[in-house]
Structures are given as structure tokens and as C-alpha cells.
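Take a look at the structure set out below.
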Amino acid sequence: MPELFGRNAELDQLSREAETGGVVVISGPPGVGKTSLAATAVDRLASRFPDGCLAIDLRGVDDQPLTTGAALERFLTALGVQSNRIPADEYERGAMFRTLIHDRRMLVVLDNAANESQVRPLLGTGAQGLTIITCRRALAGLESARWLPLEVLVAGASVAMISSIVGATAEWNEPEAMTELVELCGNLPLAVRIIGNRLASGTRSVAAIVQQMRDERSRLDSLTVDDLQLRSAFTISFEKLPAQAQAVFRRLALIPGADFDDEFAALVCGLRVDQVGLVLDDLVEASFLTVTSVSNRLKFHDLIRIFARERLAAEEPADIRDQLRNSLYHHVLDRGVAAGKLFFADVRDVPADSPFRSLEEAHSWLVQEATTWFPVLQTAASLGWHREVLDFSWYVQRYAQSREVEHDWLAVHSAGLEAARALRSQDEVVDSLNQVGWLQSFITHDHELAFATLSSAIEIAEENGYHRGVMVANCASGLVLLNLGRVPEALERNRIAYEMSASYDFFGFRSWMAVSYGAALLAVGMLEEALAVHRSMLAELEDRVGETNPDMERKARVLLLASVGDCLSGLQRWDEAARSYQAARSAQPDDQAAVFRSEAELALTEGIAWRHAGDFVQARECLTNALELFTGPASGADRDRAKAELDLLD
């Protein structure tokens with residue numbers, strides 16, 4: 001029997017189950033190692049069952065599974081019942097079997113079960129014995145059973161399995177390729193074992209097999225060696241599904257996201273939500289889908305998704321595939337536009353016709369469905385859906401502000417820019433250039449490219465008399481010039497934008513032009529002027545509470561309070577600076593991605609200000625808090641600064 005890897009927790013659970021007796025169902029998708037786990041458990045637990053062990057393969061995935069009557073006959077024979085004493089009637093056989101084993105300390109293994117009706121008459125162990133069932137289905141209809149659903153292996157266990165087959169040389173010589181290899185196998189034990197056997201043949205290196213498996217179109221072909229074929233294992237289970245479940249399974253492959261809910265499933269399958277829900281439950285029961293940690297969301301194993309795509313291509317006409325895909329994609333893009341609109345400054349309350357009940361719900365949708373809407377947008381761009389792509393990129397831009405690192409917004413707005421150019425909409429080209437230019441500076445730190453992009457936006461906007469476009473491009477290019485060290489030029493650009501913003505609404509544009517101008521004034525050492533600009537905006541914000549949505553108001557408040565703190569720090573008015581930073585921290589929302597200054601950054605600057613102000617107690621509290629909040633390799637310099645500041649307090 002092959003060595004078992006990565007199943008210590010499951011073996012420990014089965015060991016505990018042996019103490020209480022009863023029935024345990026080991027369930028999971030094809031190839032996850034259910035039979036191997038059960039066989040290893042028998043070896044480990046056999047000594048605890050002095051009355052013996054009965055095991056049988058019920059052939060549940062065969063075209064003709066073993067009948068319950070035949071299984072009972074084999075068990076009764078194994079228990080010493082002479083053939084002429086075995087009842088002909090299946091019910092009577094079951095009664096005799098259960099009577100014989102009820103009080104015995106026995107271990108019974110029912111491997112590869114088909115369904116509840118097949119195994120129910122075979123459940124005869126009492127409190128003294130244990131019955132272990134393995135099945136691709138969860139067998140949720142069994143009364144009083146306990147369940148042990150098997151997940152895929154962790155990466156380390158997968159690598160250990162391959163090493164046990166081919167030796168550790170491959171792991172040592174090609175560690176990165178080995179890590180990618182088990183990832184491409186989805187850490188599914190059968191897939192990992194197949195690859196181990198292929199490597200053992202010596203015909204291909206780890207890197208060569210990885211290169212072959214990167215192409216999804218040939219990945220399942222790669223997972224075949226001798227009589228071990230992953231696709232065949234999937235096919236057998238698939239063909240056991242009812243026709244409607246087969247159709248839903250393959251159509252779900254049209255959803256590009258990592259997981260999905262019933263609404264997306266219904267759209268892509270052409271069914272009502274209540275109709276598709278029952279079928280999804282069947283697919284979960286059959287281990288073709290997995291329930292995620294998030295309520296009411298489902299996902300494919302990567303290799304099962306590839307299999308679903310193969311069935312989709314083979315069994316659904318192209319026009320039907322396109323129709324179902326387009327239905328889902330239009331829904332996703334429309335929903336993204338509706339979510340993004342709620343973050344615009346002029347939206348105070350959720351409109352009655354919005355699909356979202358709150359700003360928080362819109363935010364949750366954009367986060368939860370990012371793995372769907374991003375590839376949908378990319379595909380829509382390739383299909384020439386220019387207006388849909390441009391609308392999406394425009395309406396999510398307010399949500400994206402201060403969340404630049406949360407998703408690949410540069411790709412989103414680059415797609416929007418190409419769409420605007422295709423539509424020959426010059427004002428929208430300018431808007432997109434402004435977004436792309438800012439992200440080139442903020443995300444990729446290519447400030448020269450960003451400046452060129454924004455300069456192009458200014459040129460096009462001026463040619464077309466697009467006042468707002470000129471204003472925003474000057475503001476953004478001013479901030480980029482600060483990063484390039486061209487401070488006087490930056491001040492001039494931001495001054496122009498600030499003066500141009502006088503006729504615009506406060507939250508939509510004017511406050512942001514002012515903050516940028518204040519940052520430029522601060523950079524050139526005009527501290528009093530910068531403080532005046534920021535305090536003026538902060539005072540106006542207090543007068544305009546309720547004129548925008550909570551997200552926009554919080555962003556503006558935190559940014560202005562922090563900017564005032566920066567100015568006061570520059571003026572060495574430390575006590576006032578500390579209190580302004582403290583107020584900014586207090587105004588922070590729970591969603592840390594929704595602000596321009598993180599709590600960690602504000603805690604650090606507040607702590608420094610308190611130290612200079614002579615309040616060492618508050619300084620230590622803030623700096624300690626900052627040290628705790630600065631995590632990850634990117635925060636190394638900030639952590640060092642926080643530690644250095646704490647050392648000054650000793």
C-alpha cells in the first residue's frame with residue numbers, strides 16, 4: 001500500500017471515532033485519497049478491534065455497483081455463516097448481519113459506496129464497533145453518521161509524496177519548479193502520485209513537466225500514466241450525474257472567478273436562482289463543488305474546473321456558450337457600475353433603483369467579486385465591448401481612490417483608456433489618461449512615464465477646451481513632479497489646479513485640489529501657507545457634513561487632519577500636530593483600505609509629535625502601536641523608524 005502523506009489530523013480523528021464507535025463517512029472528490037486514508041486507518045486501528053475487520057469494495061462508481069444483497073452475502077460468509085444458512089431475501093440477510101456484529105468489537109470498511117440506499121442495510125456496528133464508509137458523495141441522508149470531508153493536501157505533503165517516489169533529488173535540484181508543479185496538480189493526491197510516477201520514469205525533468213502543465217488545455221492530458229488517469233476518474237463521476245446537473249456543472253465553467261454564489265450560477269446556467277440552488281446542492285453532495293468559508297459561496301477545485309471547461313466545449317454549442325457568457329458578463333459589468341456610482345461625491349443616499357442596499361454592501365461586492373469582474377472586464381475588452389468597459393473603469397475610479405494597491409487598477413484603467421480611444425471620445429480619453437498616469441506613478445513608481453502620460457492628457461484637454469480634464473491633469477502631474485524632485489514645477493501645477501477648482505463642488509474635486517496644493521506648498525517650505533489652505537478646507541468640511549456619502553467624507557477628513565498635522569510638525573508646533581494626528585486616527589474607518597493614511601502611519605507620526613511635545617507616555621503608546629501595525633516586508637523601514645523613536649524614549 002502506498003505511503004500516506006499529510007493526513008495525520010484525519011487519522012487522529014478516526015482514532016477518536018474508534019473510541020465511540022458508530023459510522024464515519026469519508027467523502028471528497030475523485031483522487032483526494034479516500035480509500036488510501038481508510039486503508040491506512042485499518043492498519044493503525046486493527047489491534048483495537050479484536051473481533052476482526054470486514055472490508056469490501058462496493059464499486060459505487062462502476063456502471064453496475066455491487067448490490068447490497070451480494071455485499072451482505074460476502075459479509076455473512078466471512079462471519080462463518082454457511083451458504084445454505086444465508087437467507088435469499090435481502091432484508092433477512094441484513095437482519096442476520098446486524099444481529100451477528102451488533103455486540104462485537106469490529107471494524108467494517110465500506111469502500112467506494114454509491115449512495116445511501118446501498119449502504120444503509122450494511123450499517124450494523126453498535127457502540128463497540130466502527131463502520132468507515134468512503135464515497136465521492138457526502139451521503140448526507142445517513143442517520144447518525146459523522147462526516148470526515150477530505151481536502152487536498154498542503155504543498156509540503158505533496159512534495160513529500162513525490163520525493164518518496166522519485167527521491168529527494170528533484171526537490172533539491174529544482175525546488176521552485178517542484179513548488180509550482182504541486183500547485184499545478186492542485187495538491188490533489190492522485191494527480192501528485194501520477195506526476196511522481198512520470199518523474200520516476202526519468203523521461204522528463206520537473207521543469208519540463210511544469211512547462212507542459214502550465215497550458216490548461218493539456219494539463220489533464222499530462223495527468224496520465226499507465227492505468228492512472230485523472231480525467232477518467234472525473235468522467236466516471238460526471239456520467240453518474242443527472243442530465244440537468246451535468247449541464248449546470250459544465251456551464252459553471254463560464255464563471256471566471258475563484259468562487260461564486262447562486263445568482264451568478266443561475267445567470268450562467270439560464271435558470272432561476274431557486275432552480276439552480278437545488279442542483280448546486282447536488283454537485284456539492286457529489287464533491288464536484290466545495291463550499292467556501294464565506295457563507296453561500298461555492299468553488300471548483302482547479303483541475304475539476306478544467307474538466308468542466310472541457311465538457312463545456314465538447315457538449316455545448318458555441319452560440320449557447322456565448323449567449324450564457326454574455327448574460328453573465330453584462331450583469332457583472334452593470335453591477336460593478338452600480339456599485340462604483342455609490343462612491344461618487346454627489347451620491348449621499350443609495351438610490352431606490354440601486355441593486356445595493358448600502359455603501360457597505362457595494363464595497364463588499366467589489367471586494368468579493370474581484371476575481372470575477374476583473375477577468376470579465378479583460379474579456380469584454382477583447383470582445384470590443386468598448387462602452388461597457390469604459391463605463392466600468394470610470395465608475396469604479398472613486399471607489400479605487402485610496403485603494404490603489406487592493407486590485408490591479410492600472411490594468412482596469414488601461415482597458416478604459418483603450419476603450420475611450422476606440423470610441424474616439426476625447427474627454428473620456430483625458431479622464432482615462434489621468435487615471436493611468438496617476439497609477440503609473442503611485443503603483444509602478446515610473447514617475448517619468450506617468451509625467452508623460454499626464455502631459456498628454458493636458459495637451460488633449462487644452463485642445464478640446466476640457467476644463468476639468470486640464471485641472472485634474474495638472475493636479476496629478478504636480479504630485480508626480482514632487483516625486484521627481486521638481487518641486488517648483490510641482491507647486492506651479494498644483495497652484496493652477498487649485499485656482500481652477502474654485503467653481504467645483506467641495507467633495508468632488510475642490511478639496512482634493514487643495515490637499516495637493518497644500519502638499520506642494522509644504523514641500524517648498526511654505527508651511528504657514530500650506531497650513532492655511534488645509535485648515536480652510538477642514539473648516540469647510542465641517543460645514544458640509546452630510547453633503548456626500550460616508551466613504552468620501554471619511555477620506556477627506558482623515559486626509560485633511562493628517563495634512564494639518566504635517567504642516568504643524570514642520571512648524572514644530574508639536575502638541576497641536578499630535579492632536580491633529582490623533583483626530584485623524586479617531587476618524588479612521590474600519591476599512592483601512594479606504595483611507596490615504598493608514599493607522600500605522602498616523603500612529604508613528606503622532607508618536608513622534610508627542611515625543612517632541614514632551615508627552616512620553618502618549619508617545620510610547622503610539623509608537624508601540626505603530627510597531628505592532630507595521631507588518632510585512634514592505635514595512636521594514638517604518639518599523640525601524642518606530643524602533644528608533646522608541647529608543648529615544650529610554
Side-chain angles (χ1 to χ4, degrees), residues 332-351 354-356 358-370 373-374 377 388-417 419-420 427-428 430-439 441-443 454 457 466 468-469 471-473 475-476 479 497 501 504-516 537 541 544-560 587 589 591-597:
V332 169
L333 295 176
D334 289 346
R335 188 62 60 92
V337 167
K341 283 180 177 179
L342 299 185
F343 291 87
F344 273 62
D346 58 350
V347 178
R348 285 185 285 182
D349 301 306
V350 178
S354 174
F356 301 100
S358 66
L359 196 71
E360 291 72 24
E361 190 175 278
H363 167 253
S364 295
W365 188 92
L366 287 164
V367 172
Q368 183 69 64
E369 305 300 352
W373 60 249
F374 183 71
L377 185 75
E388 291 86 349
V389 169
L390 182 56
D391 284 350
F392 184 95
S393 68
W394 170 253
Y395 283 108
V396 297
Q397 52 109 355
R398 288 293 191 181
Y399 167 79
Q401 286 178 345
S402 77
R403 298 181 176 91
E404 284 86 356
V405 298
E406 197 170 309
H407 305 298
D408 191 355
W409 295 117
L410 182 55
V412 170
H413 290 296
S414 295
L417 174 58
D427 286 358
E428 289 175 308
V430 171
D431 290 335
S432 296
L433 284 169
N434 285 334
Q435 295 297 321
V436 169
W438 167 243
L439 290 166
S441 176
F442 189 85
I443 298 299
L454 293 166
Y466 184 26
R468 190 184 73 194
M471 176 185 70
V472 173
C475 176
L479 294 174
S501 71
Y504 289 85
D505 62 287
F506 178 82
F507 288 104
F509 291 98
R510 193 153 48 82
S511 60
W512 311 111
M513 302 302 110
V515 167
S516 300
M537 290 295 104
L541 182 148
R544 293 181 177 276
V545 169
E547 290 186 8
T548 188
N549 60 70
D551 182 79
M552 185 65 69
E553 188 174 306
R554 281 193 297 262
K555 285 180 181 177
R557 185 181 304 280
V558 171
L559 186 54
L560 286 168
D591 174 20
Q592 280 291 296
V595 291
F596 293 93
R597 296 279 190 96

With heavy-atom distances below 4.5 Å as the criterion, would you say the side chains of [X] and [Y] are in contact?
X: L454; Y: N434; result: yes
X: L333; Y: V337; result: no
X: V350; Y: L359; result: no
X: K341; Y: W394; result: no
X: L560; Y: L541; result: yes
X: F506; Y: E547; result: no

Could you grab the distance from atom [atom1] of [X] to atom [atom2] of [Y], nearest 0.5 Å is fine?
X: E428; Y: D391; atom1: CD; atom2: CG; answer: 7.5 Å
X: L342; Y: R348; atom1: CG; atom2: CZ; answer: 14.5 Å
X: Q397; Y: F343; atom1: CD; atom2: CZ; answer: 12.5 Å
X: L559; Y: R554; atom1: CG; atom2: CZ; answer: 14.5 Å
X: R468; Y: S501; atom1: CZ; atom2: OG; answer: 13.5 Å
X: R510; Y: M471; atom1: CZ; atom2: CE; answer: 10.5 Å

Classify the ring geometry between [X] and [Y] as parallel (under 30°), tilted (30 to 60°) or perpendicular (over 60°).
X: W409; Y: H407; value: perpendicular
X: F509; Y: Y504; value: perpendicular
X: F392; Y: W373; value: tilted

- Task: Could you tell me whether the side chain of K555 and the main chain of Q401 form a donor-acceptor pair under 3.5 Å?
- Result: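 Pair found, side chain donor or acceptor close to backbone of Q401.
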- Under the 3.5 angstrom rule, does the side chain of E553 hit a backbone N or O of G546 as a donor-acceptor pair?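 Pair found, side chain donor or acceptor close to backbone of G546.
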- Can S511 and V515 be said to form a side chain to side chain contact (heavy atoms under 4.5 Å, CB included), step by step? CA-CA 6 Å; S511 60; V515 167; 5.5 Å; no
- Task: Starting from the C-alpha separation in whole Å, work towards a yes-or-no answer on side chain to side chain contact (heavy atoms under 4.5 Å, CB included) for V412 and L377.
- Result: CA-CA 8 Å; V412 170; L377 185 75; 3.8 Å; yes
Looking at every heavy atom in both [X] and [Y], which two are closest together, and how far apart are they?
X: L410; Y: S414; answer: O-OG, 2.7 Å
X: A514; Y: M537; answer: CB-CG, 3.3 Å
X: S393; Y: G416; answer: OG-CA, 3.4 Å
X: I443; Y: E404; answer: CD1-O, 3.4 Å
X: C475; Y: W512; answer: SG-O, 4.3 Å
X: A339; Y: W365; answer: CB-CE3, 4.5 Å

- Non-neighbouring partners of E388 that pass salt bridge (Lys or Arg N to Asp or Glu O under 4.0 Å), sequence neighbours left out: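 Residues passing salt bridge (Lys or Arg N to Asp or Glu O under 4.0 Å) with E388: none at all.
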- Item | Intermediate values then yes/no, side chain to side chain contact (heavy atoms under 4.5 Å, CB included), L479 and W438 | CA-CA 9 Å; L479 294 174; W438 167 243; 4.1 Å; yes
- Can D431 and Y466 be counted as having a side-chain donor-acceptor contact under 3.5 angstrom?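 There is such a pair (donor and acceptor under 3.5 Å, judged by atom type) between the side chains of D431 and Y466.
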- Query: What's the verdict on side chain to side chain contact (heavy atoms under 4.5 Å, CB included) for L366 and Y399, showing C-alpha distance, side-chain angles and the deciding distance?
  - Reply: CA-CA 9 Å; L366 287 164; Y399 167 79; 3.7 Å; yes
- Item | Cation-pi, F507 ring and R557 (6.0 angstrom, 45 degrees) |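 Judged by the rule, R557 and F507 form no cation-pi pair.
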